[in-house]
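Start at 1 with the first residue, then count along the sequence.
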Amino acid sequence: MSDIIVVKCGGTAAVDSAAVCADVAAVAAAGRRVVLVHGGSAQIDAIAARLGVAQRRITAPDGSSTRYTDPATIEVVLLALAGAVKPRLVAALAGAGVPAVGLTGLDAGLIVARRHGPHRAVIDGRTRLVRDNHTGRIVEVHTELLRTLLDAGTVPVVSPPALGLDGEPVNVDADRAAAAVAAALGARSLLLLTGAPGVLADPADERTLRDVVTLPPDGGPPAGVRGGATVKLLAARDALHAGVGHVMIADGRGHHPVRAALDGAGTRVRLSGATVPA
């Protein structure tokens, strides 16, 4: 296992991306190798609204909810992530004294995904046959470029979309992209930073933080988990199955969110029957 930390910066407006970048820079300056993965749901929604592109949600077979990415929306995703969110994060890291390089999964075929074929799914509460959805499942991560950048003391800043097997952009979930990157790099830690203290027993009450969530090796998330925590737990399980030793779902709103998560603040995720590393 390498001493690499993969940090996923949530894309909601609640997450303090400036604080995340400042803390990533501090950890990198201390000699740790860090990859920053990001989403951008708030920015995608904002740009889609300005362009008049309707946004819908699709419920996947595993129960997670994802963005329905039709041809117009994949263009919005590219505009938001590569054109707005990523430059801001790269600039924040540079301002904190750490060189960074922005990448999408398209660059050098970094993240490869298989686009979902026609299938029945629930979209905004209605079951329909989906044919034009440009989303998919990650099948491969090519780490050569990431390792070159890390060896040069640079922080890679990575986001969807991925490169489809047909050569076209494919939208993938950013949490699962972070898990796939962590797995491919053999990372020691995966930190999924969000706009909450971690996984809550009651999403409306931050006092109900769960210190540990133990997942079964397969199937859906534990009973009672709802909302954005669902896909984060599925991503965490992907990473744990692949050998990532330390996975935290933690608060992205504090002054030192990365170091706090590394110190155990948030919800630690583990697999049932697995030995948890110290």
Side-chain angles (χ1 to χ4, degrees), residues 1-2 4-9 11 33-41 44 58 60-62 64 66-83 85-86 89-90 100-119 121 130-151 154-187 190 192 218 231-232 234-244 247:
M1 185 183 299
S2 63
I4 294 173
I5 303 166
V6 175
V7 177
K8 193 294 185 141
C9 181
R33 296 194 294 170
V34 186
V35 178
L36 179 61
V37 179
H38 70 88
S41 56
I44 293 170
I58 185 169
D62 60 16
S64 60
T66 58
R67 188 180 301 274
Y68 181 25
T69 310
D70 58 15
T73 297
I74 194 68
E75 294 184 7
V76 173
V77 168
L78 282 162
L79 285 170
L81 299 186
V85 179
K86 195 182 311 299
L89 297 177
V90 170
V101 172
L103 302 165
T104 70
L106 298 168
D107 294 298
L110 174 60
I111 302 174
V112 179
R114 177 178 290 107
R115 179 182 165 188
H116 295 311
H119 64 287
V130 180
R131 299 183 184 275
D132 62 347
N133 187 25
H134 289 258
T135 60
R137 186 170 186 83
I138 297 168
V139 295
E140 195 170 7
V141 176
H142 295 132
T143 62
E144 294 85 355
L145 180 56
L146 293 178
R147 293 187 187 279
T148 297
L149 292 170
L150 290 169
D151 289 346
T154 301
V155 174
V157 181
V158 180
S159 76
L163 180 66
L165 295 175
D166 59 359
E168 296 295 323
V170 174
N171 193 19
V172 293
D173 177 78
D175 290 307
R176 298 191 97 152
V181 167
L185 288 170
L190 169 64
L192 302 173
D218 51 30
V231 71
K232 286 177 172 54
L234 295 172
R237 182 165 60 195
D238 292 344
L240 292 166
H241 270 309
V244 177
V247 179

| Do the side chain of D107 and the main chain of T104 share a donor and acceptor less than 3.5 angstrom apart? | yes
| How far does CD of E140 sit from CD1 of I111, to the nearest 0.5 angstrom? | 11.5 Å
| request: May I ask you to decide if V231's main-chain N or O and R176's side chain share a donor-acceptor pair within less than 3.5 Å? | output: no
| Worked check of side-chain contact (heavy atoms from CB on, under 4.5 Å) between L149 and V35 | CA-CA 10 Å; L149 292 170; V35 178; over 6 Å; no
| request: Would you check, one step at a time, whether the test side-chain contact (heavy atoms from CB on, under 4.5 Å) holds for L145 with V101? | output: CA-CA 11 Å; L145 180 56; V101 172; over 6 Å; no
| message | Less than 3.5 Å apart, any donor N or O on the side chain of D70 or T73 sitting next to an acceptor on the other? | response | yes
| remark: Closest heavy-atom pair, V158 versus K86, reported as atoms and distance to 0.1 Å, is C-NZ, 3.9 Å
| Roughly how far apart are L81 CG and N171 CG, rounded to 0.5 Å? | 7.5 Å
| field | Closest non-hydrogen atom pair between V247 and A239, with its separation | value | CG2-CB, 4.2 Å
| task | Report the residues that fulfil ring-ring contact (aromatic ring centres under 6.0 Å, His included) with H134, sequence neighbours left out, ordered by chain and then residue number. | result | none
| query | Can you name the closest pair of heavy atoms from I138 and A177 and give their distance? | reply | CD1-CA, 3.5 Å
| field | Contact check, side chains of V6 and V244, non-hydrogen atoms, under 4.5 Å | value | no
| query | Would I4 and L146 count as a side-chain contact (heavy atoms from CB on, under 4.5 Å) if you check the C-alpha gap in whole Å, the side-chain angles of each, and the deciding distance to 0.1 Å? | reply | CA-CA 11 Å; I4 294 173; L146 293 178; over 6 Å; no
| task | Would you give the length of the straight line joining atom CD1 of I44 to atom OG1 of T69, rounded to the nearest 0.5 angstrom? | result | 8.0 Å
| task | Could you check if a side-chain atom of D173 sits within less than 4.5 angstrom of a side-chain atom of L234, using non-hydrogen atoms only? | result | no
| query | For atom CZ of R114, is the number of surrounding heavy atoms from other residues, nucleotides or ligands below 6.0 Å larger than 12? | reply | no
| message | Using only atom types and a distance under 3.5 Å, with no angle test, would you say the side chain of R115 pairs donor to acceptor with the backbone of N133? | response | yes
| query | Does a side-chain N-to-carboxylate-O contact under 4.0 Å join D151 and R33? | reply | yes
| Going by heavy atoms in the side chains, are R147 and L185 under 4.5 Å from each other? | yes
| said: On a heavy-atom basis, which atom in L36 and which in C9 lie closest, and how many Å separate them? | reply: CD1-CB, 4.0 Å
| field | Exercise: identify the closest heavy-atom pair between D132 and P71 | value | O-CD, 3.7 Å
| query | At their closest point, which heavy atom of V141 faces which heavy atom of A184, and how far apart are they? | reply | CB-CB, 3.7 Å
